[in-house]
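Ligands are counted one by one from 1 in listed order, and the atoms in each one are counted from 1 as well.
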Amino acid sequence: MRIGVLALQGAFREHMMTLEALGVTGVAVRQPEQLGDLNGLIIPGGESTAISKLMKTYRFYDPIRQHHGAGMAIWGTCAGAILIAKQVLDALPDQESLGVMDITVRRNAYGRQVDSFEADLDFRHIPDGEFRGVFIRAPWIETLGEGVEELASHGGHIVAARQGDLLATAFHPELTGDPRIHRFFLDEVVAS
Ligand code: GLN
């Protein structure tokens, strides 16, 4: 199984390390040509406006959409969730999304950097109890389209969802050293 991590900006190293801990060597994707033989792509957290700019510069938009159409699964964490959403609220005017997942995401929904927090989440389909969610200037998922499954919520807002081979988490599972959501992505979402 070949899993790529978009390595333009943000927490891509931590995703690579978590994959490594699960025995999967991640591909640090810096050019669209590297998408070719991937079964899955992780778009990390960071700053969605910065990642969006770099994705434009390196011409990632159409290749990612095409490879997704040809079967490449995608998981967006935090900024990555913003980048895969069909609709983004409170986006910057020039910020473009891939628009592949039928969710509406509100950027910086919890407030500013100082409003970052951690919370225990009841995350569907993963074993062994709650998952510690690290929320850093996080978005939340405001609405789900048809066929999108809610996987976790916090304080009345959806913070994780899945639509077929697409996964979105508003928080950062790669920063906790707990590989259960990575395992879920590999075993359930990529394998689907
Ligand atoms: N607030 C950031 C954005 O809009 C996301 C933060 C994160 O990825 N931790 O892109």
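- Within the 4.5 Å cutoff, the side chain of Met1 has heavy atoms near those of the Leu186 side chain.
- Less than 4.0 angstrom separates some heavy atom of Ile136 from each of these atoms of ligand 1: 6 (C), 7 (C), 9 (N).
- Counting only heavy atoms of the protein, atom 10 (O) of ligand 1 lies nearest to Ser48 N, 2.4 Å.
- Within ligand 1, counting atoms from 1 as listed, the ones closer than 4.0 Å to a heavy atom of Glu47 are 2 (C), 3 (C), 4 (O), 10 (O).
- Using a 4.0 Å cut-off to heavy atoms of Arg107, the atoms of ligand 1 that qualify are 3 (C), 4 (O).
- Shown in contact with Asn108 at under 4.0 Å from a heavy atom are these atoms of ligand 1, numbered in order with element: 1 (N), 2 (C), 4 (O).
- When the heavy atoms of Ala79, Ala138, Gly46 are ranked by distance to atom 6 (C) of ligand 1, first place goes to Gly46.
- Residue Ile82 places no N or O, backbone or side chain, under 3.5 Å from any N or O of ligand 1.
- Each of the atoms 8 (O) of ligand 1 lies under 4.0 Å from some heavy atom of Gly45.
- Distances between N or O atoms of Thr49 and those of ligand 1 include no value under 3.5 Å.
- Shown in contact with His172 at under 4.0 Å from a heavy atom are these atoms of ligand 1, numbered in order with element: 7 (C), 8 (O), 9 (N).
- Set against the non-hydrogen atoms of Cys78, the atoms of ligand 1 under 4.0 Å away are 5 (C), 6 (C), 7 (C), 8 (O), 9 (N).
- The shortest distance between side-chain heavy atoms of Phe60 and Leu35 falls below 4.5 Å.
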| task | Dump the intermediate steps for side-chain contact (heavy atoms from CB on, under 4.5 Å) on Leu98 and Ile43, then the final yes or no. | result | CA-CA 11 Å; Leu98 287 159; Ile43 304 182; 3.7 Å; yes

